[in-house]
Amino acid sequence: MAGKLERADWGPLRGNWATLLLPIGEDGSIDMARLGDEIDAAIAAGVDGIYSNGTAGELHNQTEAEFDAIQHLLADKCAAAQMPFVIGACQPDPTLALHRLKRTASLKPHGFQVILPDWWPLNDLEVIDFLAMASDAAGDTPLILYNPPHAKRVLAPAELARALQTAPRFVGVKLADGDEAWYAEATAHLDAWTLFVPGHHLATGVKAGVAAGAFSNVACLNPRGAQLWTEMMRTDIAAALDIEKRICAFMDEHIVPFRRDHGYSNAALDKLLAAIGNWAPVGTRLRRPYRWIDEAEAKRLRPAAHGMIPEIMSAR
């Protein structure tokens, strides 16, 4: 039942990927020492890979010099540990995104992640043109398109397939999944690409034969627990689905209300998860003007997480 988790031709771009969350100091600066400790903890957890500059990495709120420093730190530590890593060259400005690809290609990441330009939604021809530009800028490095639900242009499976067929350097997509109809569409149109579904839906995606892995919010809670859960999907999908059901219940009951009822961003939610897991010195603070959730909420929710999903929370 593990399906795409086992596809050897995709190399390391599959499985459980831990996101890099930025530790932010009281003065708004990135604490690079704490970031290094976080990378060390993720490596020690034995995750399938580490990726930078996704939503939780606050890709939209850092300077280019800070971006470069983050990627060099990640590359140095992962290379020394032989840990696969993906650089998020994500930037809403296409010119800056392309410069990020060109500047960091020499770091030899296992892949790049990019988003579609986001000031104005792209039409079909513009999507294809941007994918071609990104492919040229990335050189020989494989690319993954990050197309989240809040993007200005969210591509359906058939639209993704038409665009990706024009850009062979793009080997995969990080995207939100959906209902049974969505999974049927993904099976029909996207079987040739590596698909990364939301971490808390990974077992469902694996059972459906669609998901190759996740750039995972579950790894925000505990990267080691997320790794063991992912490995369970190869041998006991029923047990993995039971854990997924309880992960989703925890998220719906305790995490989603911060976004739905109080307007916090997804980055704030991811940092709350990391603080609940308490596995690295990340903290919940975001860069202003974005609001963050008080760390007291993490302490309050920690017992609930251990009670509902001990397989994730207690793994070491």
Side-chain angles (χ1 to χ4, degrees), residues 10-25 27-91 96-115 134 137-144 146 169 171-172 174 196 213-216 219-220 222-224 226-227 267 270-271 274 277 279-283 285-287:
W10 283 336
L13 295 178
R14 55 187 170 176
N16 170 53
W17 285 69
T19 183
L20 215 55
L21 305 102
L22 296 188
I24 303 296
D27 62 353
S29 65
I30 300 170
D31 189 327
M32 297 300 289
R34 285 161 57 200
L35 184 64
D37 291 341
E38 179 192 342
I39 296 170
D40 290 341
I43 290 171
V47 295
D48 288 315
I50 303 173
Y51 74 104
S52 66
N53 280 63
T55 298
E58 297 175 75
L59 65 97
H60 52 284
N61 200 10
Q62 57 188 249
T63 68
E64 294 306 285
E66 288 169 335
F67 169 84
D68 290 346
I70 292 165
Q71 311 323 312
H72 280 269
L73 178 63
L74 176 66
D76 288 347
K77 285 186 172 290
C78 287
Q82 297 186 313
M83 169 63 66
F85 70 101
V86 163
I87 289 176
C90 304
Q91 229 290 345
L96 292 179
L98 296 175
H99 282 304
R100 288 182 172 190
L101 289 168
K102 292 174 182 176
R103 288 202 311 274
T104 54
S106 63
L107 298 180
K108 303 297 182 184
H110 294 77
F112 279 119
Q113 198 177 108
V114 296
I115 59 172
D140 294 332
T141 305
L143 286 153
I144 297 163
Y146 179 20
R169 295 306 308 166
V171 300
K174 177 187 177 184
F196 298 90
F215 293 95
S216 179
C220 291
N222 184 347
R224 182 59 183 163
Q227 185 65 34
D270 284 342
K271 284 193 172 179
W279 55 274
V282 176
R285 184 181 291 269
L286 300 183
R287 271 195 157 164

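Exactly one of Gln91, Gln62, Gln113 qualifies for a side chain to side chain donor-acceptor pair (under 3.5 Å) with Asn53. That residue is Gln62.
Thr55 contributes atom OG1, which lies 12.0 Å from atom NZ of Lys271 (distance to the nearest 0.5 angstrom). Here the CG atom belonging to Leu73 is positioned 12.5 Å from the CG atom belonging to Asp68, to the nearest 0.5 angstrom. Atom-to-atom distance recorded for Thr141:OG1 and Ile87:CD1 is 8.0 Å, nearest 0.5 angstrom. Cys90 SG to Leu96 CG: the interatomic distance, rounded to the nearest 0.5 Å, is 12.5 Å. To the nearest 0.5 Å, atom CG of residue Asp40 and atom CG of residue Leu35 are 9.5 Å apart. One distance of note links CZ of Arg285 with CG of Leu22; it measures 13.5 Å at 0.5 Å rounding.
In this structure, the side chains of Ile30 and Ile24 come closer than 4.5 Å at one or more pairs of heavy atoms. Under the 4.5 Å side-chain criterion, counting only non-hydrogen atoms from C-beta, Phe85 is not in contact with Ser52.
Phe215 and Tyr51 have perpendicular rings, their planes meeting at more than 60° on a 0 to 90° scale where under 30° would count as parallel.
Proximity of a side-chain donor or acceptor of Ser216 to a complementary backbone N or O of Trp17 within less than 3.5 Å is not detected. Between the side chain of Arg34 and the backbone N or O of Val282 there is at least one donor-acceptor pair closer than 3.5 Å. Side chain of Gln71 to main chain of Thr104: no donor-acceptor pair is present (N/O by atom type, distance under 3.5 Å, no hydrogens or angles). Arg287 places a side-chain N or O within 3.5 Å of a backbone atom of Gly28 that can act as its donor or acceptor partner.
Thr63 is linked by a side chain to side chain donor-acceptor pair (under 3.5 Å) to Glu66, counting only residues two or more places apart in sequence or in another chain. Residues forming a side chain to side chain donor-acceptor pair (under 3.5 Å) with Asn61 (at least two apart in sequence, or on another chain): none.
A pairwise comparison of heavy atoms in Gln227 and Val47 identifies OE1-CA, 3.1 Å as the closest pair. Among all heavy-atom pairs drawn from Ala105 and Ala138, the shortest one is CB-O, 4.3 Å. The heavy-atom pair separating Leu59 from Arg100 by the smallest distance is O-NH1, 3.8 Å. Contact record, Ile39 with Leu74: CD1-CA, 3.9 Å, taken as the closest heavy-atom pair. Residues Val86 and Leu13 come closest through the heavy atom pair CG2-CD2, 3.7 Å. Taking each heavy atom of Cys220 and Thr19 in turn, the nearest pair found is SG-CG2, 3.4 Å.
A cation-pi contact, defined as under 6.0 Å to the ring centre and within 45° of the axis, is absent between Lys174 and Phe196.
A salt bridge does not link Lys77 with Glu38: none of the charged nitrogens is closer than 4.0 Å to a carboxylate oxygen.
Pairs engaging residues 52-84 under the ring pair (Phe, Tyr, Trp, His ring centres under 6.0 Å) rule: His60-Tyr290 [sequence neighbours left out].
Counted within 6.0 Å of NE2 on His99, heavy atoms from surrounding residues, nucleotides or ligands total 12 or fewer; the atom is thus considered open.
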